[in-house]
Amino acid sequence: MATRNQEVARLLEHIADLLEIKGEQAFRVNAYRAAARRIEGLQQDVEDLFLEHHLRTIPGVGEALEQKIGEYLATGQLEYYERLKREFPPGLVALLAVPGLGPRKARAIYDHLGVANLEQLERALEEGRVRDLPGMGEKTEQNLLRELHRLKQRTTRQSLGLALPLAEDLVALLARQAPVERVSYAGSLRRARETIGDLDLLASGRDPEAIAEAFVGLPMVVEVLSRGPARCSVLAPGGQQVDLRIVDRASWGAALQYFTGSKAHNVRLRELAVRRGWKLNEYGLFDEQSGKRLDDGDEASIYHCLGLSWIPPELREDEGEIEAARVGALPHLVELADIQGDLHTHTDWTDGAHSLEEMAEAARARGYAYLAVTDHSKSLGVARGLNAARLMEQRRLVDRLNHTLAPFRVLLGTEMDIKRDGGLDFDDATLERLDYVSASIHSGMSQGEAQMTERILRALRNPHVAVLNHPRGRLIQRREAYEVDLEAVIRTAAACGVALEVNGQPNRLDLDGHWARQAREAGVRLAINTDAHATSQLELMRYGVATARRGWVERKDVLNALPLDELLATLRRKRGAEC
DNA sequence: GCCGTTTTCGGCCCGACTGTTTTCAGTCG
């Protein structure tokens with residue numbers, strides 16, 4: 001699974017940064033950035049394209065970039081880049097991370113003051129040497145110093161699980177306390193990216209000043225960064241930046257589209273508009289000649305005017321959604337309401353907080369038809385994993401409970417450890433007594449790719465295993481995925497009829513959208529689960545669904561969107577099938 | 001540096017905000 005797309009994208013980005021500092025033409029710099037974006041979002045492996053001499057099929061890659069990317073992939077080095085790097089000290093590019101400090105100012109500070117890294121920048125600012133440079137003054141100096149300090153203590157990007165509730169609170173408050181006609185969140189949050197930088201809010205109303213006033217006065221506003229009648233930026237606790245844009249009613253749809261992004265998606269839409277002699281910006285879609293508005297103020301009409309179906313925000317990454325929308329081939333994405341039950345939950349029999357009865361009751365109260373209780377197996381000692389005898393005790397309790405809860409059904413399941421050698425924690429005789437079997441890696445995560453892959457494939461070939469949980473084992477911003485040939489896992493899952501999980505814990509989101517899409521295209525079913533360790537965590541389903549949607553997943557692709565009888569039939573068939 | 005049912009040359013998305021400026025440059029998204 002040696003995908004080098006990210007590596008090549010970073011190389012091109014770094015070249016763009018250096019060219020910008022050098023003072024190259026903006027369009028040339030942009031060409032590098034555009035190509036980097038494309039390559040990062042590429043479904044195929046850039047190295048495969050290179051080997052097949054197909055680099056030029058990537059939009060934005062022409063003769064020169066083909067040669068440069070090829071040289072880098074072939075030799076592991078790019079002479080052009082090495083030469084460019086030698087022109088500037090290595091710490092200089094890092095200055096661009098300071099908000100408010102772009103390439104021109106960075107260059108000026110370097111040229112006049114010899115400042116070549118963040119430490120030297122801090123000293124120069126504190127000593128008041130920056131204010132005397134052309135185009136800069138005392139205010140610039142103060143702002144840069146403040147931003148530099150903020151950068152140093154900046155928390156990383158916020159997880160979706162924290163950003164979404166904050167945004168929902170802000171939207172609800174604005175709806176109550178500001179004279180808004182419409183208010184929504186936009187940005188990467190609306191696209192349900194796994195981490196969020198700044199929160200983007202959008203409001204419309206007749207009195208922008210009053211909306212801005214109410215916004216900066218909200219109780220969670222710690223500091224006002226900027227404020228105008230069309231845009232305000234503030235800091236919320238924890239350093240979270242929140243931007244509010246205020247537009248009038250007619251521009252709502254265009255603004256919501258524009259501020260939802262992604263940037264790459266928007267650039268494509270604007271190109272479509274330009275080709276028809278139109279102009280698309282955050283105020284609307286207009287005829288270039290007459291200036292006449294073409295959209296009707298709703299987001300969908302922007303897409304319709306451009307000859308596209310409305311594209312769900314989760315797909316707006318310029319990864320084929322525009323082409324699909326043009327021919328009416330967008331997927332019918334799975335929705336939260338399609339989910340019939342949760343197939344990955346824990347109780348106080350192991351490391352959960354609530355009893356089996358409480359978990360079942362909470363699932364039923366959510367309107368689910370079923371719940372699989374999947375406590376850990378004995379190898380996971382830290383979680384007091386169950387042995388076969390305890391599991392059979394749980395069997396009796398589940399059977400009793402199902403008498404009283406019918407037609408709701410508790411499925412006795414397991415989250416069974418895949419041991420270091422690929423062996424499983426229960427024998428087949430025990431597994432036969434269970435309604436539902438899922439398997440997970442919890443140990444030996446630093447095994448090499450070959451060993452890890454074989455270990456997982458062996459587990460997938462057991463006829464009882466219906467789902468592989470959190471297939472990559474990553475913890476967002478904390479632990480990288482273990483090394484595994486996920487393409488081989490997907491192939492084997494397809495062959496054996498095993499579903500792969502989209503885990504809804506905001507620190508997992510595993511599979512992510514990219515891999516969920518790969519799995520789906522290979523004909524693998526997905527199981528969207530919460531891995532709940534308490535009744536309240538059943539709520540995390542929405543993050544799993546959002547992530548699956550980013551992977552173009554439809555209801556028919558989702559194991560736990562099946563009604564109970566079909567789920568049971570599917571599980572039964574699976575166990576009887578050869579693999 | 002890329003790209004072409006306008007073009008192989010001359011375009012390339014574009015508006016808001018801030019600060020340092022007396023009309024605009026830099027930065028951001």
Side-chain angles (χ1 to χ4, degrees), chain A residues 12 15-17 19-39 55-69 80 84 95-109 130-144 146-147 186-189 196-202 208 212 224-234 241-247 251 254-255 257-286 288 318:
Chain A
L12 298 180
I15 291 174
D17 286 340
L19 290 176
E20 217 167 16
I21 290 174
K22 198 174 169 184
E24 271 289 353
Q25 268 196 78
F27 294 120
R28 187 147 176 256
V29 175
N30 274 339
Y32 279 90
R33 294 204 196 283
R37 269 203 317 270
R38 288 293 189 140
I39 289 168
L55 282 176
R56 293 283 288 272
T57 63
I58 304 170
V61 175
E63 196 182 335
L65 282 178
E66 177 189 37
Q67 188 278 323
K68 289 188 169 82
I69 296 168
Y80 172 75
L84 200 56
L95 299 189
L96 301 181
V98 181
L101 187 60
R104 310 306 287 265
K105 283 183 186 155
R107 181 65 192 270
I109 291 172
V130 171
R131 70 182 69 168
D132 299 327
L133 300 185
M136 292 180 237
E138 233 169 292
K139 201 70 185 280
T140 305
E141 195 171 77
Q142 283 166 18
N143 288 344
L144 288 178
R146 196 188 57 214
E147 291 297 343
S188 54
L189 181 63
I196 312 298
D198 299 341
L199 280 190
D200 290 306
L201 303 182
L202 182 68
V224 179
L225 298 176
S226 72
R227 177 180 169 178
R231 202 179 100 190
C232 306
S233 288
V234 303
Q241 184 171 330
V242 184
D243 297 338
L244 174 70
R245 332 275 171 147
I246 306 162
V247 299
S251 296
Q257 193 292 311
Y258 182 90
F259 292 118
T260 296
S262 67
K263 190 173 174 137
H265 176 90
N266 286 359
V267 167
R268 293 289 309 282
L269 287 196
R270 237 163 281 140
E271 284 168 4
L272 286 182
V274 166
R275 209 171 297 166
R276 295 172 187 226
W278 301 341
K279 185 174 75 164
L280 176 63
N281 55 32
E282 62 262 55
Y283 297 105
L285 180 63
F286 303 98
E288 187 73 65
D318 189 22

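Letters go in sequence order (proteins before strands), and every chain restarts at 1.
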How is A:Glu271 classified with respect to the nucleic acid when contacts are heavy atoms under 4.0 Å: base, sugar-phosphate, or nothing?
nothing
Which part of the nucleic acid, if any, lies within contact of A:Glu20, taking any heavy atom under 4.0 Å across all strands shown: a base, the sugar-phosphate backbone alone, or nothing?
nothing
How about A:Lys139 and A:Arg131: do any of their side-chain heavy atoms sit closer than 4.5 Å?
no
Classify A:Asn143 by what it touches in the nucleic acid, base, sugar-phosphate, or nothing, heavy-atom distance under 4.0 Å.
sugar-phosphate
Under a 4.0 Å N-O cut-off, is there an ion pair linking A:Lys263 with A:Asp318?
no
Could you please name the option among B:dG29, B:dG1, B:dC17 that lies closest to any side-chain atom of A:Tyr32?
B:dG1
Using whole Å, report how far CD of A:Gln67 lies from P of B:dC2.
11 Å
When rounded to whole Å, the CZ to P distance for the pair A:Arg37 and B:dC12 reads 16 Å
Rounded distance in Å - CH2 (A:Trp278) to C1' (B:dT6):
17 Å
Nearest-Å distance for atom pair CG/P, residues A:Leu133 and B:dA25
18 Å
When we call it a touch if two heavy atoms are under 4.0 Å apart, what does A:Pro229 touch: a base, just sugar-phosphate, or nothing?
sugar-phosphate
Just to be sure I understand the rule, does A:Asn30 reach a base, reach only the sugar-phosphate, or reach nothing, if contact means heavy atoms closer than 4.0 Å?
nothing
Counting only side-chain heavy atoms from C-beta out, which of B:dG15, B:dC2, B:dT18 sits nearest to A:Ala64?
B:dC2
Nucleotide nearest A:Lys263 when distance is taken to its side chain, options B:dC17, B:dG19, B:dG29:
B:dG29
In whole angstrom, give me the gap between the P atoms of B:dG15 and B:dT20.
25 Å
Hey, is the main chain of A:Ala186 close enough, under 3.5 Å, to the side chain of A:Asp200 for a donor-acceptor pair?
no
Look at all strands and tell whether A:Arg275 reaches a base, only sugar-phosphate, or nothing, counting heavy atoms closer than 4.0 Å.
nothing
Between A:Glu20 and A:Arg33, is there a salt bridge with N-O shorter than 4.0 Å?
yes
Output yes when at least one side-chain N/O atom of A:Lys105 is less than 4.0 Å from OP1 or OP2 of B:dC28, else no.
no
At 4.0 Å (heavy atoms only), tell me whether A:Val98 reaches a base, stays on the sugar-phosphate, or touches nothing.
sugar-phosphate
Return the value, rounded to whole Å, for the distance between atom CD1 of A:Ile246 and atom C1' of B:dG15.
16 Å
C1' atom, B:dT6 versus B:dC12: distance in rounded Å?
15 Å
Of the nucleotides B:dG26, B:dC17, B:dG19, which one has an atom closest to the side chain of A:Arg104?
B:dG26
Are A:Leu55 and A:Leu65 close enough that some pair of their side-chain heavy atoms sits under 4.5 Å apart?
no
OP1 or OP2 of B:dT18 sitting under 4.0 Å from any side-chain N/O of A:Thr140?
no
Among the nucleotides B:dG1, B:dG15, B:dC17, which one has an atom lying closest to any side-chain atom of A:Lys279?
B:dG15
C1' atom, B:dT5 versus B:dG1: distance in rounded Å?
24 Å
DNA chain B: A:Glu66 or A:Pro134, which has the more 5' nearest nucleotide?
A:Glu66
Round to a whole Å and report the spacing from CG of A:Leu101 to C1' of B:dG26.
10 Å
For B:dG4, the nucleotide meeting Watson-Crick or G-U wobble distances (both under 3.5 Å) is B:dC9
Residue closer to the 5' end of DNA chain B, A:Glu288 versus A:Gly100 (nearest nucleotide)
A:Glu288
Is the shortest side-chain N/O distance from A:Asn281 to OP1 or OP2 of B:dC14 below 4.0 Å?
no
I'd like to know whether CZ of A:Arg146 has more than 12 heavy-atom contacts from other residues, nucleotides or ligands below 6.0 angstrom.
yes
Contact check, side chains of A:Tyr80 and A:Ile15, non-hydrogen atoms, under 4.5 Å:
yes
Roughly how many Å is it from CD in A:Glu141 to P in B:dG19, rounded to a whole number?
13 Å
Measuring from the side chain of A:Ala230 (C-beta onward, heavy atoms only), which nucleotide among B:dC12, B:dG15, B:dC17 has the closest atom?
B:dC17
Specify the separation, in whole Å, of atom CG of A:Leu272 and atom P of B:dC14.
14 Å
Selection from B:dG19, B:dG29, B:dC12 that lies nearest to any side-chain heavy atom of A:Lys139:
B:dG19
Between the base of B:dG29 and the side chain of A:Tyr258, is there any donor-acceptor pair under 3.5 Å?
yes
Interatomic distance at P, B:dG11 relative to B:dA16, whole Å:
24 Å
